[in-house]
Peer 1: 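Okay, handing you the structure first.
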Amino acid sequence: MQMTAEQVIRFIEEVAAQVRDQRDYLTQLDAAIGDADHGANLDRGFSTVLTRLPGVADKDIGTILKTVGTTLVSTVGGASGPLYGTAFLRASAVVTNRTALDEVAIIGALEAALEGLHARGKAQRGEKTMIDAIAPGVETLKQAYAAGDSFVVALQKAVAATAAGMQATIDMLATKGRASYLGERSVGHQDPGATSAHLMAQALLRVIERG
Ligand code: ADP
Ligand code: MG
């Protein structure tokens with residue numbers, strides 16, 4: 001299996017479409033434990049990304065992902081911009097000059113993205129953030145693929161792991177980010193960032209399934 005630069009573009013377009021579609025829902029989740037801007041933040045960022053994609057459509061995957069990262073860092077207000085921006089930038093750095101990615105390269109890019117999130121946000125699993133969806137997703141993808149699943153099946157399991165991780169944030173106490181200001185009152189609400197992370201994983205699966 002190879003993920004081409006064109007498919008990477010379609011993945012970003014799919015994320016932008018999902019963010020647009022789920023904008024109000026993401027903002028509603030953030031209203032409960034944050035400042036009601038997560039959907040608006042990501043929609044602003046990915047809308048700007050969409051305007052920049054035509055300029056990099058014939059470029060390598062590293063350049064495409066780097067453009068996404070720098071755009072998110074500079075246009076998304078709030079914690080999620082620098083975090084997702086760093087994730088895309090770290091992924092871009094391990095696929096420089098590549099015009100297609102095999103399974104191992106995709107997993108490597110996702111691992112680099114996760115490391116970037118840890119480095120930038122200093123959060124670990126269990127702190128009620130996007131990490132709680134992304135970390136189990138990346139781990140499941142890597143393990144399932146290593147155990148012999150096809151990449152699509154491994155990715156389906158990974159998306160299910162991001163969903164489970166997202167749902168698990170409901171019972172968690174937030175100790176990072178804005179939701180941590182609420183202390184015990186953060187318990188009982190699903191984390192907005194874990195929700196947008198699950199949505200991005202679904203977008204990747206959709207593009208890979210389409211082939
Ligand atoms: P802000 O909290 O600045 O308003 P957003 O609302 O756009 O930014 O994003 C909030 C999301 O960011 C949270 O739901 C959480 O998943 C994520 N987040 C916040 N701080 C961290 C962190 N230190 N590490 C990882 N994710 C974080
Ligand atoms: Mg917010």
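Here, residue 1 is the first one in the sequence, and each next residue gets the next number. Each ligand, and each atom within it, is numbered from 1 in the order the structure gives.
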Peer 1: Is ligand 1 under 4.0 Å from a heavy atom in the side chain of T129, in the backbone, in both, or in neither?
Peer 2: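 Answer for T129: both.
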Peer 1: Any nitrogen or oxygen of G77, main chain or side chain, under 3.5 Å from a nitrogen or oxygen of ligand 1?
Peer 2: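 Not met; the criterion fails.
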Peer 1: I need the atoms of ligand 1 closer than 4.0 Å to a non-hydrogen atom of D30, numbered in the order shown.
Peer 2: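 Heavy-atom distances to D30 below 4.0 Å select 6 (O).
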Peer 1: Under a 3.5 Å threshold, yes or no: a donor from one side chain and an acceptor from the other, between T175 and E127?
Peer 2: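 T175 vs E127: donor-acceptor pair found between side chains.
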Peer 1: At a 4.0 Å threshold, what atoms of ligand 1 neighbour a non-hydrogen atom of G78?
Peer 2: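 This gives 3 (O), 8 (O) as the contact atoms.
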Peer 1: Any idea which atoms of ligand 1 are less than 4.0 Å away from a heavy-atom of G193?
Peer 2: 13 (C), 14 (O), 16 (O)
Peer 1: Just verifying a value: how many Å separate S196 OG and Q18 CD, rounded to the nearest 0.5 Å?
Peer 2: 12.0 Å
Peer 1: When you compare ligand 1 with H38, is there at least one nitrogen or oxygen pair between them that comes in under 3.5 angstrom?
Peer 2: yes
Peer 1: Please state which protein non-hydrogen atom is closest to atom 7 (O) of ligand 1 and give its distance, to 0.1 Å?
Peer 2: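 Checked against all protein heavy atoms, atom 7 (O) of ligand 1 sits closest to S80 OG, 2.6 Å.
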Peer 1: Does any part of the side chain of Q202, heavy atoms only, come nearer than 4.5 Å to the side chain of L205, both counted from C-beta?
Peer 2: no
Peer 1: Considering non-hydrogen atoms of the protein only, which is the closest contact for atom 23 (N) of ligand 1, and what is the distance?
Peer 2: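 Nearest neighbour among protein heavy atoms for atom 23 (N) of ligand 1, to 0.1 Å: G121 O, 2.8 Å.
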Peer 1: Is any side-chain heavy atom of I107 less than 4.5 Å from a side-chain heavy atom of Y145?
Peer 2: yes
Peer 1: Any idea which protein heavy atom is nearest atom 12 (O) of ligand 1, and the distance to it?
Peer 2: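 Closest protein heavy atom to atom 12 (O) of ligand 1: M130 CE, 4.1 Å.
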Peer 1: Heavy-atom contacts with G177 under 4.0 Å: which atoms of ligand 1 show up? List them by number with element.
Peer 2: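 Heavy-atom distances to G177 below 4.0 Å select 19 (C), 20 (N).
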Peer 1: Considering only non-hydrogen protein atoms, determine which one is nearest to atom 3 (O) of ligand 1 and report residue, atom name and distance to 0.1 Å.
Peer 2: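 The answer is A79 N, 2.8 Å.
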Peer 1: Just by distance, no angles: are the side chains of R52 and T67 close enough, under 3.5 Å, to form a donor-acceptor pair?
Peer 2: no
Peer 1: What atoms in ligand 1 come closer than 4.0 Å to a heavy atom of A123?
Peer 2: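 Atoms satisfying the 4.0 Å criterion: 24 (N).
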Peer 1: Does ligand 1 have any atom sitting under 4.0 Å from a heavy atom of G34?
Peer 2: no
Peer 1: For ligand 1, is any non-hydrogen atom under 4.0 Å from L117's backbone (N, CA, C, O), its side chain (CB onward), both, or neither?
Peer 2: neither
Peer 1: Within a reach of under 6.0 Å around CZ of R10, are more than 12 heavy atoms found that belong to other residues, nucleotides or ligands?
Peer 2: yes
Peer 1: Looking at CD of Q7 and CD1 of I12, how far apart are the two atoms once the value is rounded to the nearest 0.5 Å?
Peer 2: 12.5 Å
Peer 1: Provide the number and element of each atom of ligand 1 under 4.0 Å from a heavy atom of P192.
Peer 2: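 Going through ligand 1 atom by atom, the ones under 4.0 Å from P192 are 14 (O).
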Peer 1: Counting only nitrogen or oxygen atoms and a 3.5 angstrom limit, does K128 reach ligand 1?
Peer 2: no
Peer 1: Going by the atom numbers of ligand 1, which of them fall below 4.0 Å from some non-hydrogen atom of D35?
Peer 2: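 Answer, ordered by atom number: 4 (O).
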Peer 1: Just how far is it from atom CD of E14 to atom CG of L204, taken to the nearest 0.5 Å?
Peer 2: 10.5 Å
Peer 1: Between S186 and Y181, do the side chains contain an N or O donor and an N or O acceptor separated by less than 3.5 Å?
Peer 2: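 No, no side-chain donor-acceptor contact under 3.5 Å.
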Peer 1: Ligand 1 and L83, any nitrogen or oxygen pair closer than 3.5 angstrom?
Peer 2: no
Peer 1: Any side-chain donor paired with an acceptor under 3.5 Å for T27 and D30?
Peer 2: no
Peer 1: What is the distance from atom CZ of F151 to atom CE of M1, rounded to the nearest 0.5 Å?
Peer 2: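 Those atoms lie 5.0 Å apart.
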Peer 1: Looking at K142 and E111, does any basic side-chain N land under 4.0 Å from a carboxylate oxygen?
Peer 2: yes
Peer 1: Heavy atoms only: which of D37, D191, T27, I134 lies closest to atom 6 (O) of ligand 1?
Peer 2: D37
Peer 1: Under 2.8 Å from the Mg ion (ligand 2), which protein atoms of type N, O or S occur, listed by chain and number?
Peer 2: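 N, O, S partners closer than 2.8 Å: D30 OD2, D35 OD1, D37 OD1.
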Peer 1: Any ion pair linking R125 and E139 (charged N to carboxylate O, less than 4.0 Å)?
Peer 2: yes
Peer 1: Could you tell me whether D43 and R23 have a side-chain N and a carboxylate O separated by less than 4.0 Å?
Peer 2: yes
Peer 1: Tell me if the CD atom of E209 is crowded by more than 12 foreign heavy atoms within 6.0 Å.
Peer 2: yes
Peer 1: How far apart are the C-alpha atoms of R178 and I33, what are their side-chain angles, what is the distance that settles it, and do they pass the side-chain contact (heavy atoms from CB on, under 4.5 Å) test?
Peer 2: CA-CA 8 Å; R178 210 175 273 281; I33 54 170; over 6 Å; no
Peer 1: Would you mind checking which non-hydrogen protein atom is closest to atom 2 (O) of ligand 1, with the distance to 0.1 Å?
Peer 2: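 For this ligand atom, the closest protein heavy atom is R178 NE, 3.5 Å.
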